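This report refers to the structure that appears directly beneath it.
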2 protein chains.
Amino acid sequence: MPHDTQFSTRQRILGAAEELFAERGFAGASLRQVTAAAKVNLAAVNYHFGSKDNLIEEVFRRRLDELSHRRLERLAEVNRSVAPTLEAVLDAFIMPALELSLDREGGSVFMRVLARAFAEHNSNLRKFLSDNYGHVLKEFAAAFARLLPHLSKDELYWRLDLAVGALTYAMADFGMIQRRSGETERQHREQMARHLVHFTAAGLRA
Amino acid sequence: MPHDTQFSTRQRILGAAEELFAERGFAGASLRQVTAAAKVNLAAVNYHFGSKDNLIEEVFRRRLDELSHRRLERLAEVNRSVAPTLEAVLDAFIMPALELSLDREGGSVFMRVLARAFAEHNSNLRKFLSDNYGHVLKEFAAAFARLLPHLSKDELYWRLDLAVGALTYAMADFGMIQRRSGETERQHREQMARHLVHFTAAGLRA
DNA sequence: CCGCGTTTCAAACAAACGTTTGAAGCTTAG
DNA sequence: CTAAGCTTCAAACGTTTGTTTGAAACGCGG
């Protein structure tokens, strides 16, 4: 296994694919556009990933492995504390996503790709995400259940679903709110996270 | 202008396109798949709509004209009442969408297509939607502003954005909540609308 | 410095894409 | 009944799609 060249080619493809998938969708972005943007040969995708579908999965895996790990880490911290609050659990879920979206090049773009995955009714993709990262949502659901014991199971699941909706929508920048001129991207996203936690906490408590 | 045949062909194309756009996206659904599903000739799309892009716009126009009209109608009713509530304004926005999604064939599918439009970063499509239906959101924003006078303009816009997010997500069935076995589609959606109003009202009031 | 496994490359593959064409099939008015 | 105007149709247009190929280039251990 060589080192730098292979790594670099793989990484460049993943980066370009992420960007183009966010912009044009999985079907809308062609491998020729991806390889051109990555400045690699067309055949490199099938050499390194086997197929376009595998490339798509790898784009998710690269980011979600770390994102899931950080979320569970912060959730464990919250659970260890003496008096966990709803806001603290929401923070544990939202802050890692915020940090990722503020990462050097690509992080913010990935949240748009993730939102695309929700829009796709593609059952293979949904199964892949559910199989590999479903346990994260399960753990958070349990934490919320502990904090909202007065809610029925049904009631709780409905509200969590809606909270995830607001979160997904906001993180993917679907909305109409634009960054203000005197504001950095970081400031904009931090304020968004603040409103997000406040809004969903109120909704969950109802 | 002929009557039945043309009308039927146009309508069949729109119906099939709506379904396939929801399932596979705008780029993912080909005109050959659409015309095959509609049982019409391939060339019929370009004859009746001019291009695939025009077909996409027409899919939106067919549903949104009526949806927007009903929303404004109900909002006007609420504004005429002696004491409008947050829940009543939310109802005015959500109930017409619920009714559409319960319509005979296609209504529920359209909400998924609409959510795709948010996922697409396509500026042409966003401009089309904003130009033709932006005034509806404006009127609702004004109604909310009147009911939440203690909020700053910024604060209000952030919360509205998040509310639209939860709404879009829920109506498009992005979530993980499945219809329960003993439950009709109508019951499921009505319950969803109930939770949606309750959740977003709490979030808006914060 | 040679040879072998890995990676890149240009080229080609069949299939599918949106769109166009011109003739055939209709329906209706005169 | 004929002529005119829509609508449908099969076929083909040139592109673009994902994937495959076999040879060239590369990097490194022996």
Side-chain angles (χ1 to χ4, degrees), chain A residues 1-60 62 113 116-117 120 122-125 128, chain B residues 1-60 62 113 116-117 120 122-125 128:
Chain A
M1 66 219 73
H3 331 101
D4 222 326
T5 45
Q6 181 220 25
F7 182 77
S8 172
T9 295
R10 264 188 72 101
Q11 219 63 11
R12 282 226 301 276
I13 291 174
L14 286 170
E18 187 173 65
E19 204 140 337
L20 284 161
F21 288 158
E23 194 182 321
R24 309 177 192 191
F26 303 112
S30 74
L31 293 187
R32 278 170 178 81
Q33 293 168 342
V34 168
T35 52
K39 288 179 184 140
V40 302
N41 188 272
L42 168 61
V45 169
N46 282 276
Y47 176 76
H48 286 282
F49 300 96
S51 69
K52 186 181 184 179
D53 281 341
N54 283 349
L55 169 61
I56 293 173
E57 287 196 1
E58 214 56 40
V59 166
F60 284 104
R62 177 171 73 142
V113 178
R116 289 245 185 213
E120 300 284 331
N122 186 326
S123 52
N124 286 339
L125 189 51
F128 165 78
Chain B
M1 67 217 71
H3 328 101
D4 222 326
T5 43
Q6 180 220 24
F7 181 77
S8 173
T9 295
R10 262 188 73 99
Q11 219 63 12
R12 282 226 301 274
I13 291 174
L14 286 170
E18 188 173 64
E19 204 139 336
L20 283 162
F21 287 158
E23 194 181 321
R24 310 177 192 193
F26 303 113
S30 75
L31 293 187
R32 279 171 175 80
Q33 293 168 342
V34 168
T35 52
K39 287 178 186 146
V40 302
N41 188 273
L42 168 62
V45 169
N46 282 276
Y47 176 75
H48 286 283
F49 300 96
S51 70
K52 187 181 184 180
D53 281 341
N54 283 348
L55 169 62
I56 293 173
E57 288 195 2
E58 213 57 40
V59 165
F60 284 103
R62 178 171 73 142
V113 178
R116 288 244 185 214
E120 299 285 330
N122 185 326
S123 51
N124 287 337
L125 189 52
F128 165 79

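None of these values were measured; they are calculated from a predicted model. Below, all heavy atoms of this structure are taken into account, side chains as well, without hydrogens, waters or symmetry copies.
For B:Tyr47, taking side-chain heavy atoms from C-beta onward, the closest of the listed nucleotides D:dT7, C:dT21, C:dC17 is D:dT7. Nearest to the side chain of B:Leu31, among C:dT19, C:dC9, D:dT19, sits C:dT19. Out of D:dG18, C:dC17, C:dA10, the shortest distance to the side chain of B:Gln33 is found at C:dC17. In the set D:dT21, D:dT8, D:dG18, D:dT8 carries the atom at the smallest distance from any side-chain atom of B:His48. Here the side chain of A:Leu42 is nearest to one of D:dA12, D:dA10, D:dT19, namely D:dT19. Of the listed nucleotides (C:dT19, C:dA12, C:dA10), C:dA10 has the atom at the smallest distance from the side chain of A:Asn41.
One atom, CD1 of A:Ile13, and another, P of C:dT7, lie 12 Å apart when rounded to the nearest Å. Note: CZ (B:Arg12) to P (D:dT7) measures 14 Å, nearest angstrom. Rounded to an integer number of Å, the gap from B:Lys52 NZ to D:dT15 C1' is 14 Å. Atoms CZ (B:Arg32) and C1' (D:dT17) sit 12 Å apart, rounded to a whole Å. As a whole-Å value, the separation of B:Asn46 CG from D:dC13 C1' is 13 Å.
Here A:Ala44 lies out of heavy-atom contact (under 4.0 Å) with every strand.
One finds no salt bridge joining B:Arg24 and A:Glu120 here, because no Lys/Arg side-chain nitrogen approaches an Asp/Glu carboxylate oxygen to under 4.0 Å.
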